[in-house]
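Quantities reported herein were computed from a predicted structural model and do not represent experimental measurements. Quick note on labels: first sequence line is chain A, next is B, and so on, each numbered from 1.
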Amino acid sequence: MREKRRRRVAYFLILPGVAFLTVFFVVPMFTMLSTSFQEGTFEGGFTFTGHWQNYTESFAAFDTQIYRSLLYGLIVTVATLLISFPMVYWIAFRGGRRKNLYLLLLLLPFFTPFIIRTLAWKQILADNGILLGSLKNAGLVPEDLQLLATSTAVLGGLIYNFLPFMALPLYVALERLDHSLLDAASDLYSTRRQAFFKVTLPLAMPGVFAGSLLTFIPSVGDFINAELLGSVNTTMIGNVIQREFQTNLDFPTGSALSFVLMIGILVGVFLYARALGTEDLTG
Amino acid sequence: MAAFLASCGIEGQSQDADSEENAGLTTDQVNGTLNFANWPLYIDRAKGENPTLIDFTEATDIEVNYDEVIQANDSFFGTIREPLANGDPIDYDLIVVTDWLIARMGRLGYLEELDHSKLGNFDANAGAIYKDPNYDPGNTYSIPWQSGITGIAYNRALTGRDFTSMSDLFDTEFAGKIGMFTEMRDTISLMLLLNGVELDSATIEDVEEVQQQLLQQVDDGIVRQYYGNEYADALAREDIVATIAWSGDVIQLTLDNPDLRFVVPDDGGILWVDNMAIPQNAVNPIDAHEFMNFVYQPDIAAQIVGWVNYICPVPDAQEILADTKGYKPVAESPLVFPTPEMETKLHRYKVLDEDEEQEWNDLFQQVLQG
């Protein structure tokens, strides 16, 4: 009796989440899936005709942008991992009583809205702006060097904007690492390098995995950085989708591309999970 | 599964024109409130307030909720499309959008027909070129707010020579320092004019030719970026030396940097018009008419254009500005009151039907995506 009631309470607890996701995720997904198989025009209305060619045609037209986005997402994930790992390692292991202060400092820039921060980069990276202007005046870089409107700027913006999404899960994983395991390793004559690779890194893997997902998925679909810091040759799939919906009012193509993107991401994540091995990820 | 998917089809977005006419305006009374959506920096401002809005409220007792919410035609249309398609009122009684969007919204039945008996000042004071335009015959749905010219802006100090034609934006000497526009109509129309094509008779083949030229320009590394509004910052920061530009922006930029010039290309420039219009089922349509009529008084028109420096639809405002202390340069600027010689070089966008618009957009999209 009590067992039964407990189970009922459990269902009750997940009810708000399920209801929310149904209304704001499952239903819109179906609408979009339906739209992606429709034909027609904005003014005349779109009708469902099972027009699967929306997928093949839009993929053929925008494969460059899809591959570019996946590549950018990969670069961003690896770069944020390389940048944030030493940083949060230091905070978690050497931060002492000031850990929370350091974490706050890490997050401080992100109290400013995303768009404002990206616009700020636009000012900083201008051809004759604070950064390049001073370097050019000092003769340290060539006079015609430009960063804005290049893939360097777009990747820089993405890495900067998504850094906390990697850093925080990594920090959580490293923070709860049991230090007596490291003591045990050194008692057993492990070198510090061996201890890092055999103890610390495997135990940090759940954080790496969570951080990678949180970084890779949104960065592949991002369009703000490419829009503000990029140029024609750095267009990402997010920009294409945004333009299909907002400018061209071609909802079927936009929806089809969204699903292609989603499938691409799922495949990437699946391969990644397989490569890491699932038992490592449960922590 | 397929049946289920089919059941969530999207209804036709076009409102039934007949039922719209029968419905008419939601009221024939002045309600005392006007919700006005406009673009940033597009009305006179003094000491943090908008004198024209204050004058209007004093004259009519209508309170104005002024919202500088429109950043681009496309994205604004994206935000109001859904309720309009459902026949619901949007938050605004008066909106300002560009001519081609007026044509589209009119066609879709998203705009109220104007009652010209309430717009006497427009009939009396608007310049001839603003009446009965190709995008809105008979001014059925709209009357102009301000207009402007799409042409070329360049930094004379950095180019070392004058620019006179769109072909100058293809000069490899300035590789990586040239800006183009994400607004499909501006970029394509200027290019069509360069190729000697009459805009009203432009065909899809003409646009395909333009597309090839634009792709080549990107391949050659000449274009730094396709810009929206932010081209003005890039020009001011000297990230670019020349770009497609809107006249009104450049007048304001030259105040800070006298080396910046605006030119209507010899091949031809575009006269575009931003128009006031009333979205269908607006709550305060008569208040909106009152405002539209109010700003067509020459002294009010002069007050607005004296600050925003775009092109004023009321020719009489020129004389008033010329007699106002400090406004002589504005009154004499051919970018605010174009000379007859300039007017001969100005063209209007072709009014595109839906299929054409989609085809042109698709061709242009390929240029933007690299």
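- Per-residue heavy-atom pair counts under 4.5 Å with chain A were compared for E357(B), Q225(B), E230(B), Q358(B), and the maximum is reached by Q225(B).
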Could you list the donor-acceptor pairs under 3.5 angstrom formed between side-chain atoms of residues 170-180 of chain B and any protein atom two or more places apart in sequence or on another chain?
residue, atom, partner, partner atom, Å
D171(B), OD1, E173(B), N, 2.8
D171(B), OD2, R161(B), NH2, 2.7
K177(B), NZ, D127(A), OD2, 2.9

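- Note on A126(A), G133(A), G129(A), G50(A): by heavy-atom pairs under 4.5 Å with chain B, the leading option is A126(A).
- At a 4.5 Å heavy-atom cutoff, F245(A) makes no contact with chain B through either its backbone or its side chain.
- Contact annotation for Q246(A): both backbone and side-chain heavy atoms come within less than 4.5 Å of a heavy atom of chain B.
- The neighbour count for F165(A) CZ, taken as heavy atoms of other residues, nucleotides or ligands under 6.0 Å away, does not exceed 12.
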- Message: Could you walk me through whether N233(A) and V218(B) satisfy the side chain to side chain contact (heavy atoms under 4.5 Å, CB included) test, starting with their C-alpha distance in whole Å, then the side-chain angles of each, then the deciding distance to 0.1 Å, before giving a yes or no?
- Response: CA-CA 9 Å; N233(A) 294 318; V218(B) 171; 4.1 Å; yes
Q: Decide side chain to side chain contact (heavy atoms under 4.5 Å, CB included) for R237(B) and L148(A); before the verdict, give the C-alpha distance in whole Å, the side-chain angles of both, and the deciding distance to 0.1 Å.
A: CA-CA 12 Å; R237(B) 279 198 309 263; L148(A) 270 190; 3.9 Å; yes
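- Note on residues 361-370 of chain B: pairs passing side chain to side chain donor-acceptor pair (under 3.5 Å), not counting sequence neighbours, are R243(A)-Q365(B), E244(A)-Q365(B), N248(A)-Q365(B), Q211(B)-Q366(B).
- T41(A) contributes no side-chain N or O that, together with a main-chain N or O of E354(B), makes up a donor-acceptor pair within less than 3.5 Å.
- Heavy-atom distances place no part of Y227(B) under 4.5 Å from chain A, backbone and side chain included.
- We find the OG1-CD distance between T182(B) and E227(A) to be 7.5 Å, quoted to the nearest 0.5 Å.
- Between the side chain of T247(A) and the backbone N or O of D74(B), no donor-acceptor pair lies under 3.5 Å.
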